[in-house]
Amino acid sequence: MPVRSTLLAAICFFGAANAPGISHAAEDLSLREEAAFRAAAAQVSPSVVAIETVGGLDTLGELLVGTGPTGGLVVSDDGYIISSTFNFAHKPASIIVSLNDGRRAPAKLVARDEVRKLVLLKIDAQKLPVAQTAPESDIAVGIWSIALGRAFEPEKPNVSVGIISAVNRIWGKAIQTDAKISPANYGGPLVDIRGRVLGVLVPLSPNEKEDQSGVEWYDSGIGFAVPMAHIERILPRLKKGEDLKTGLIGVSFRGKNVYADPPIIARARANSPAYLAGLRKGDRIRAVEGKPVDLQVQVMEAIQSRYAGDKLRVSIARGPDGKETFDRELPLVDHLDPYKRPFLGLLAERSSPAANEGKVVVRYVYEDSPAALKGIKVGDVVQAINGAAIKDRDALRLAVAESEAGKPLKLELQRAGEKVQVELEAAPQPETVPAKLPQAAGEPAAGDDGAEPKGVSVKFAEHKNECKLYVPETYSEKHPHGLVLLLHPEGGFQDAELAALVKQWMPHCRRDGLMLLVPSAAGEEGKWAAADLEFIGKVIDRVAEGYAVDPGRVVAHGVEEGSLVALRTAAQFPERIRAAAVVNSPSLAAPIEEDPAHSIAYYVATVSDFQAKTRIVAGIELLRKQFLPVTVRELPPQANYLDAEQLSELVRWIDTLDRI
């Protein structure tokens with residue numbers, strides 16, 4: 001575009017105080033445009049300041065940031081100046097502002113807008129020039145946009161010209177321009193051809209929120225500015241010293257294509273505004289602030305353009321036909337606290353005749369637990385919680401889970417024909433394993449240890465993996481069994497090794513109602529791959545279709561490299577896996593966020609001289625920071641699996657996974 005190139009070259013020599021008149025070039029379009037640009041820049045130039053910082057960030061790769069001068073814009077005549085956070089990432093010790101008239105003044109940082117990457121500064125001055133703001137209705141794709149900074153020579157602004165190439169970019173937060181934008185003019189204004197401020201230049205990125213993210217588009221032809229009209233709306237909050245942060249409601253959506261998938265909730269995080277407002281998995285957000293939404297991106301824009309402390313009104317459709325509808329107003333928060341699963345200290349009968357009728361019969365009371373301290377006894381029947389009748393043990397577990405550790409709960413019990421009221425305060429989940437547990441009533445007694453388990457092959461035509469399911473001969477579909485996925489180390493189990501493991505497990509499977517599922521990696525030499533997880537998920541579903549599986553006791557149990565597969569399986573299928581038990585794992589995966597409806601627990605056994613122990617210890621600390629229960633067992637040096645006593649403990653731990 002020759003005309004524009006000419007203009008850019010000319011404007012580089014612009015002097016605000018010496019802008020030439022335009023009347024002599026009235027017949028030449030390019031000269032008239034040049035004059036218009038000069039006039040626009042001259043009009044806003046008195047409000048553009050240079051900012052120097054000392055003590056900020058030094059470099060980002062090879063790019064010098066944080067120490068060089070940057071730009072700013074006067075936003076009120078009593079000394080408030082808006083700029084980009086780019087030069088304030090590490091809280092510089094000193095800030096100096098140079099005004100258009102040559103004065104220099106120290107500034108203090110008043111507040112930050114962490115969402116739009118702005119800072120508000122204050123200098124001790126009065127009657128400063130404030131530029132005119134362009135109405136939002138005048139901002140449109142295709143209009144001229146002129147970017148100004150004052151970094152190179154404080155007495156002369158640097159100028160770059162382009163057009164507005166898009167609006168509502170970066171989740172609705174920014175105007176996009178193709179004028180050249182760089183750290184030299186971050187914080188400066190983007191103005192229209194009339195010299196009215198459209199916005200303030202900042203580095204932004206759609207997926208990153210760090211102060212430096214977005215700088216990689218430096219001089220790329222894509223630059224962003226926060227609309228000035230928005231800045232004016234938040235200015236009172238910033239002047240009060242209020243830092244503005246990203247707002248969260250605590251939901252994730254089904255599907256990964258935010259531009260194509262509908263906003264159907266995959267998960268409402270415990271204790272989040274969405275969860276506390278009653279939003280649940282499967283709900284569909286059908287409108288935000290009264291405006292219909294069809295795609296996830298529309299909801300995300302609505303959230304990300306707001307701040308923590310703001311409110312968001314959503315309309316929800318629930319049920320397979322979406323006929324159940326309701327509205328909620330959600331307060332946005334700046335962080336989500338980890339969920340602390342509450343614990344009363346009970347195990348309930350699973351498949352006794354009374355349990356099969358829906359009665360919640362206490363099978364075991366944990367020593368020193370809230371239930372024990374309040375005198376709850378084995379055989380008590382829980383009938384109501386907080387005044388609401390309980391229909392079965394799953395309902396009681398969910399009702400307790402939707403409370404919080406430390407909060408009081410009222411239980412109504414039936415004991416020997418009498419009603420008993422108990423008020424107790426839920427505790428955090430325990431990590432210790434009871435030394436002894438009674439056999440669950442109604443479950444089969446231990447059979448002959450010498451009997452061979454029933455071995456069933458599970459295969460899918462589309463997968464090369466092989467899988468064996470071992471079912472104790474005492475299995476009965478009347479008594480749902482727990483399911484243990486035994487995941488082999490690299491190289492797989494040798495036949496004799498697997499036979500020995502099955503023999504070690506089978507007495508426990510008979511006594512405690514467990515099935516053993518042993519999938520194998522599809523890859524050569526028994527190496528696990530990410531694709532194997534799909535097979536494992538299908539196998540779990542296939543077994544659940546053919547056998548009575550207790551969903552509260554499905555455990556991914558890995559040995560050495562198989563431990564990593566166990567952890568990934570638990571992370572990928574949080575609705576199917578209740579626990580991960582690992583032996584000599586090379587590391588621990590990132591914690592899984594707990595869901596009140598689906599608990600997760602960890603059992604970590606490691607030899608005392610394990611070379612990866614440092615990583616394991618760090619992983620355990622990370623799990624505990626998220627309030628996830630993790631039971632730790634140290635094995636003798638060079639042990640490659642659990643001995644009889646340790647395996648008994650692991651089985652008791654599995655027996656407690658449906659604790660309440």
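The figures here come from the full heavy-atom set of this structure, side chains too, leaving out hydrogens, waters and symmetry mates.
- Salt bridge annotation for Asp243-Arg112: absent, with no cationic side-chain nitrogen under 4.0 angstrom from a carboxylate oxygen.
- One distance of note links OG1 of Thr606 with CD1 of Ile620; it measures 6.0 Å at 0.5 Å rounding.
- Closest of all the heavy-atom pairs between Pro586 and Ile616 is C-CD1, 4.2 Å.
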From CA spacing to verdict: salt bridge (Lys or Arg N to Asp or Glu O under 4.0 Å), Asp283, Arg280:
CA-CA 6 Å; Asp283 289 347; Arg280 294 292 184 268; over 6 Å; no

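- Judged purely by distance below 3.5 Å, without hydrogens or angles, the side chains of Asn465 and Ser520 never pair a donor atom with an acceptor atom.
- Residues Val554 and Leu657 fail the side-chain proximity criterion, which asks for heavy atoms closer than 4.5 Å.
- No donor-acceptor pair under 3.5 Å is formed between the side chain of His479 and the backbone N or O of Arg350.
- Legend: residues meeting side chain to side chain contact (heavy atoms under 4.5 Å, CB included) with Glu524, ordered by chain and number and at least two apart, are absent.
- To the nearest 0.5 Å, the span separating CG on Leu295 from CG on Asp261 amounts to 8.5 Å.
- One finds a salt bridge joining Arg363 and Asp655 here, because a Lys/Arg side-chain nitrogen approaches an Asp/Glu carboxylate oxygen to under 4.0 Å.
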Derivation and outcome, side-chain contact (heavy atoms from CB on, under 4.5 Å), residues Arg624 and Val630:
CA-CA 7 Å; Arg624 286 175 171 159; Val630 49; 3.4 Å; yes

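- By the 4.5 Å heavy-atom criterion applied to side chains, Pro430 and Arg659 are counted as neighbours.
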Legend entry - Full working for side-chain contact (heavy atoms from CB on, under 4.5 Å) between Val471 and Leu516: CA-CA 7 Å; Val471 183; Leu516 198 61; over 6 Å; no

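- Considering only residues two or more places apart in sequence or on other chains, Asn386 meets the side-chain hydrogen bond (donor to acceptor under 3.5 Å, both in side chains) condition with none of them.
- Under the 3.5 Å distance criterion, the side-chain polar atoms of Glu289 are matched with a main-chain donor or acceptor of Arg313.
- Applying the side-chain hydrogen bond (donor to acceptor under 3.5 Å, both in side chains) test to every pair with at least one member in residues 564-583, sequence neighbours left out, gives these pairs: Lys281-Glu575, Asp541-Arg576.
- We find the CG-CD1 distance between Leu517 and Ile540 to be 7.0 Å, quoted to the nearest 0.5 Å.
- Of all heavy-atom pairs spanning Ala579 and Trp653, the tightest one is CB-CH2, 3.3 Å.
- At distances below 3.5 Å, at least one donor-acceptor pair connects side-chain atoms of Thr631 with backbone N or O atoms of Glu431.
- Distance alone, capped at 3.5 Å, is enough to place a donor-acceptor pair between the Gln298 side chain and the Asp294 backbone.
- Remark: the backbone N or O of Cys509 is not paired with any side-chain donor or acceptor of Asp512 at under 3.5 angstrom.
- Every residue was checked against the salt bridge (charged side-chain N to carboxylate O under 4.0 Å, His left out) condition with Glu561, not counting sequence neighbours, and none meets it.
- A salt bridge links Arg237 with Glu242: the closest approach of a Lys/Arg side-chain nitrogen to an acidic carboxylate oxygen falls below 4.0 angstrom.
- Remark: Ser84 OG to Leu201 CG distance equals 9.0 Å, nearest 0.5 Å.
- Considering only residues two or more places apart in sequence or on other chains, Arg633 meets the side-chain hydrogen bond (donor to acceptor under 3.5 Å, both in side chains) condition with Glu649.
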Report task. Let me see the working for Val582 and Tyr603 under side-chain contact (heavy atoms from CB on, under 4.5 Å), right down to the final yes or no. Result -> CA-CA 6 Å; Val582 298; Tyr603 184 96; over 6 Å; no

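- Side-chain contact between Leu623 and Leu588 is present, with at least one heavy-atom pair separated by less than 4.5 Å.
- Side chain to side chain, Ser165 and Gln176 meet the donor-acceptor criterion of an N or O pair below 3.5 Å.
- In this structure, CZ on Arg306 lies 14.0 Å from CG on Leu248, to the nearest 0.5 angstrom.
- Using modelled atom types, one finds no donor on one side chain facing an acceptor on the other under 3.5 Å when comparing Gln296 with Arg254.
- Ionic pairing of Arg233 and Asp310 is not present here: no N-O contact between side-chain nitrogen and carboxylate oxygen is shorter than 4.0 angstrom.
- Annotation: ring pair (Phe, Tyr, Trp, His ring centres under 6.0 Å) contacts involving residues 532-560, sequence neighbours excluded, comprise Phe460-Phe535, His463-Phe535, Tyr475-Tyr547, Trp505-His557, His557-Tyr641.
- Judged by distance alone, the side chain of Ser563 and the main-chain N or O of Gly558 form a donor-acceptor pair under 3.5 Å.
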query = Stepwise, does the side-chain contact (heavy atoms from CB on, under 4.5 Å) test hold for Phe224 with Ile181?
reply = CA-CA 8 Å; Phe224 301 105; Ile181 308 300; over 6 Å; no

Show me, pair by pair, the donor-acceptor contacts under 3.5 angstrom made by side chains of residues 336-347, not counting sequence neighbours?
residue: Asp337; atom: OD1; partner: His335; partner atom: NE2; Å: 3.1
residue: Tyr339; atom: OH; partner: Ala401; partner atom: O; Å: 2.5
residue: Arg341; atom: NE; partner: Glu594; partner atom: OE1; Å: 3.1
residue: Arg341; atom: NE; partner: Glu594; partner atom: OE2; Å: 3.3
residue: Arg341; atom: NH1; partner: Pro596; partner atom: O; Å: 3.4
residue: Arg341; atom: NH2; partner: Glu594; partner atom: OE1; Å: 3.2
residue: Arg341; atom: NH2; partner: Asp595; partner atom: O; Å: 2.5

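- The minimum heavy-atom distance linking Ala399 with Ile385 is given by the pair CB-CG2, 3.7 Å.
- Taking every heavy atom of both residues into account, Val115 and Thr246 meet most closely at CG2-N, 3.4 Å.
- Atom-to-atom distance recorded for Asn271:CG and Leu276:CG is 6.0 Å, nearest 0.5 angstrom.
- Scanning for salt bridge (charged side-chain N to carboxylate O under 4.0 Å, His left out) contacts around Glu534 gives Lys538, with sequence neighbours left out.
- Listed by chain and residue number, nothing satisfies the side chain to side chain contact (heavy atoms under 4.5 Å, CB included) test with Ala531 (two or more places apart in sequence, or in another chain).
- For the ring-ring contact (aromatic ring centres under 6.0 Å, His included) test, no residue two or more places apart in sequence or in another chain qualifies with Tyr602.
- Taking each heavy atom of Lys117 and Val202 in turn, the nearest pair found is O-CG1, 3.4 Å.
- The neighbour count for Glu560 CD, taken as heavy atoms of other residues, nucleotides or ligands under 6.0 Å away, is above 12.
- Contacts classified as ring pair (Phe, Tyr, Trp, His ring centres under 6.0 Å) and involving residues 256-315 (residues at least two apart or in different chains) are given here: His230-Tyr307.
- Side-chain contact between Ile536 and Leu487 is present, with at least one heavy-atom pair separated by less than 4.5 Å.
- Heavy-atom minimum distance, Ala174 versus Leu204: CB-CD1, 3.7 Å.
- Salt-bridge annotation for Asp658 and Arg393: present, with a side-chain N of the basic residue lying under 4.0 Å from a carboxylate O of the acidic one.
- Take Ala612 and apply the side chain to side chain contact (heavy atoms under 4.5 Å, CB included) test, not counting sequence neighbours, and it matches Phe610, Arg615.
- Contact check for Ile577 versus Val555: no side-chain heavy atoms found under the 4.5 Å cut-off.
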